[in-house]
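Starting from 1, each residue takes its place in the sequence as its number.
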Amino acid sequence: MSAGGRAAGGASGSARVAHEGIWRRQSARESAARTYARALPIVPVRARGMTIEGADGRRYLDCFSGAGALALGHNHPVVLEAIRRALDSGAPLQAFDLATPVQDAFVAELFRTLPPGLAGRARVQFCGPGETDAVEAACRLVRAATGRTGVLAFSGARHGVTAAATALLGAAGDVQVAQLPCPQDHRRPVGLGGPQGSELAAHRTESAFDDPEPGEPRPAGVILEPVQGESGVIPAPDAWMRRMREITTARSIPLIADEVQTGVGRTGAFWAVEHSGVTPDVMVLSRAIGGSLPLAVLVYRDELAVRQPGAPADTFRGNQLAMAAGTATLTYVRENHLAARAALLGARMLDQLRELQAEFPCVGDVRGRGLMIGVEFVEFAEAQDGGDLAFRADAPAYDGLGPGAPVPVADSPHPPAPGIAPAPGIAPAPGIATAVQRECLHRGLIVELGGPHASVVRLLPPLTVSDEQATAVLDRLADAVRTVARAHAGRPSGPRRPQSVGSGLRRQEDRAKRAVRRGS
């Protein structure tokens, strides 16, 4: 892959001053909780498709897509036209759950796309405008339907930010939730990689159901993500997904699929559960479902519909503009076969990114499904007195990041998720990932970081990305990685002989072992 260029577009003096003034005022007045503005100090004023233009006149390729909310990119013509029609019709913009023509059209199109096993016997519930609202609604639904309270989630999951949703991460004690091991091949729970690991994880789930703690009933439901996005783009093995369906069906436990990030063609199928042939009992939908506007929807088997009228519901569940935009998006993705396009283009991008992985050992893993891709960065680690892995102490400073002081992984700013063990001889490298993100921005490319250590660069281009734009994304990312890797390693610029990541990791492990022997 050739090197990419810098961000296009120049900035006049007045535009630059306006940009800096807006950014400074936002920094001074907004909460410290803001996240994206810290890593992406741009002030967007125009956007179309995959391109964003800042107030300073610079243009960027947006490979973040509103955290996956923009299936068709920014301001797609069919979405804008749908919103204009809704506005010009004079219909109410907010209608609670009253029947409206806009809502009817949305539900009809949604049901056209659902997995066949669910579409024929499904109900739909509109929730509050955010993904967390749909997760909360799913938990309430299965608790009411089963009469039980516990909900099981999997390590590394992220299902929202409210009390019940964060409890699914094990972060709240007032909701009965337990976490189960989730299989993955890289930076995995010990022993849970490969086909045997998937079966072992499934067996542990069965044990949790069949041998619960004394006095603890079976759960009201099990929630999973077909691809864990925030955890660093971890695709669930298809065989494991099928086993989860078998296990929950045999025990009459509703299976909830969180398709907030994976739905509407993102992974190369319209819904990510279709890769494994699994039909869940409940689907949680948001982000792309609203065509760039806030919308959250719950779809579930009609057998679970036991809640009575008047049960707690959300005020802003009737957003007519979001339903109109969502209908246009669903229709466009379906009629233009964008899911199949995502599968083909995503596979091609993964292949090319793995060439980058072979060239630079700091690229520890490349993974994903469709146009949901993660590139994980790692660095050498040395054993400390306590036996913990630490970031390399001899790494030179890079662009103000400072040298990587020997900090045990357990005390790092991004500690591992429960049950996640670093691979032997390496450690996650959030500093490298942050530097790559910054270099991408210099080159006019917006990417997101994820994973429990913020060491994964996430690529979420719109489903409408062209071949030329995909090439530009890969070129700019590759150039950023080369720049950071050379600076981080203290090597002079110039060509480097490609090597397999496996041989690189073996050399790292040998170094770590020699360091241990020298210290003993």
Side-chain angles (χ1 to χ4, degrees), residues 35-36 62-73 110 113 115 127 129-138 153-162 165-166 168-169 182 184 223-236 241 256-276 278 280 282-299 322 326 329-330 333 338-339 342-343 346 349-350 367-376 417 446-452 454 456-463 465:
T35 54
Y36 298 121
D62 181 9
C63 213
F64 179 35
S65 299
L70 306 173
L72 304 183
L110 174 62
T113 71
C127 314
E131 60 208 60
T132 305
D133 301 296
V135 172
E136 294 269 4
F154 293 89
S155 58
R158 184 184 185 277
H159 298 291
V161 295
T162 60
T166 53
L168 295 170
L169 303 175
C182 186
Q184 57 170 290
I223 186 168
L224 54 77
E225 296 168 279
V227 180
Q228 290 188 343
E230 301 298 329
S231 194
V233 191
I234 310 294
M241 289 282 292
I256 306 167
D258 183 339
E259 291 262 13
V260 165
Q261 295 192 42
T262 55
V264 195
R266 169 63 56 188
T267 66
F270 211 101
W271 307 106
V273 292
E274 295 178 288
H275 292 292
S276 57
V278 164
V282 184
M283 287 174 61
V284 177
L285 313 178
S286 187
R287 298 203 186 180
I289 200 74
S292 76
L293 297 179
L295 188 66
V297 181
L298 200 64
V299 179
T329 298
L330 290 168
V333 171
L338 293 191
M349 292 178 71
L350 283 170
R367 55 184 178 258
R369 205 153 204 175
L371 291 177
M372 190 174 183
I373 296 172
V375 180
E376 181 165 3
I446 297 173
V447 297
E448 182 189 18
L449 299 185
V456 179
V457 168
R458 297 178 61 198
L459 304 179
L460 298 166
L463 306 187
V465 57

What's the spacing between M372 CE and S65 OG if we round to 0.5 Å? 12.0 Å
How far does CD1 of I234 sit from CD of E225, to the nearest 0.5 angstrom? 10.5 Å
Just by distance, no angles: are the side chains of E230 and Q261 close enough, under 3.5 Å, to form a donor-acceptor pair? yes
So which heavy atom on A288 is nearest to which on A71, and how close? CB-CB, 4.0 Å
Which residues pass the salt bridge (charged side-chain N to carboxylate O under 4.0 Å, His left out) test with R369, sequence neighbours left out? D238
Closest non-hydrogen atom pair, A342 against L463: CB-CD2, 4.3 Å
What residues, two or more places apart in sequence or in another chain, satisfy side chain to side chain contact (heavy atoms under 4.5 Å, CB included) together with A236? W240, M241
Check whether any side-chain heavy atom of I373 sits under 4.5 Å from a side-chain heavy atom of V233, and report yes or no. no
Flag, side chain of H275 to backbone of T267, donor-acceptor distance under 3.5 Å: yes
State which residues pass side chain to side chain contact (heavy atoms under 4.5 Å, CB included) with V456; sequence neighbours excluded, sorted by chain then number. R367, E376, R458
Of all the heavy-atom pairs spanning C127 and A137, show the shortest one and how long it is. SG-CB, 3.8 Å
Nearest 0.5 Å please: distance from the CG atom of L298 over to the CG atom of D133. 11.0 Å
Write out all pairs satisfying salt bridge (Lys or Arg N to Asp or Glu O under 4.0 Å) with one or both partners inside residues 266-276, taking only residues at least two apart or from two chains. none
d(L70 CG, R287 CZ) to nearest 0.5 Å is 11.0 Å
Which atom pair, heavy atoms only, marks the closest approach of A67 to L460? C-CD1, 3.9 Å
Nearest heavy-atom contact between V273 and P280 is CG2-CD, 4.1 Å
Do L72 and L338 pass the side chain to side chain contact (heavy atoms under 4.5 Å, CB included) test, and can you show the C-alpha distance, the side-chain angles, and the key distance before you say yes or no? CA-CA 9 Å; L72 304 183; L338 293 191; 3.7 Å; yes
Using side chain to side chain contact (heavy atoms under 4.5 Å, CB included), reason through V447 and L459 one step at a time and then give a plain yes or no. CA-CA 6 Å; V447 297; L459 304 179; 3.6 Å; yes
Does L110 have any side chain to side chain contact (heavy atoms under 4.5 Å, CB included) partners at least two apart in sequence or in another chain, and if so, which? F106, T113, L114, V124, W271, L285, I289, V297, V299, L330
If only atom types and distance count, is the side chain of S286 paired as donor or acceptor with the main-chain N or O of L295 below 3.5 Å? yes
T329: which residues meet the side-chain hydrogen bond (donor to acceptor under 3.5 Å, both in side chains) condition with it, sequence neighbours left out? none
Tightest non-hydrogen contact, residues G73 and P462, listed as N-CB, 3.5 Å
Separation between CZ (F64) and CD1 (I446), nearest 0.5 Å, reads 9.0 Å
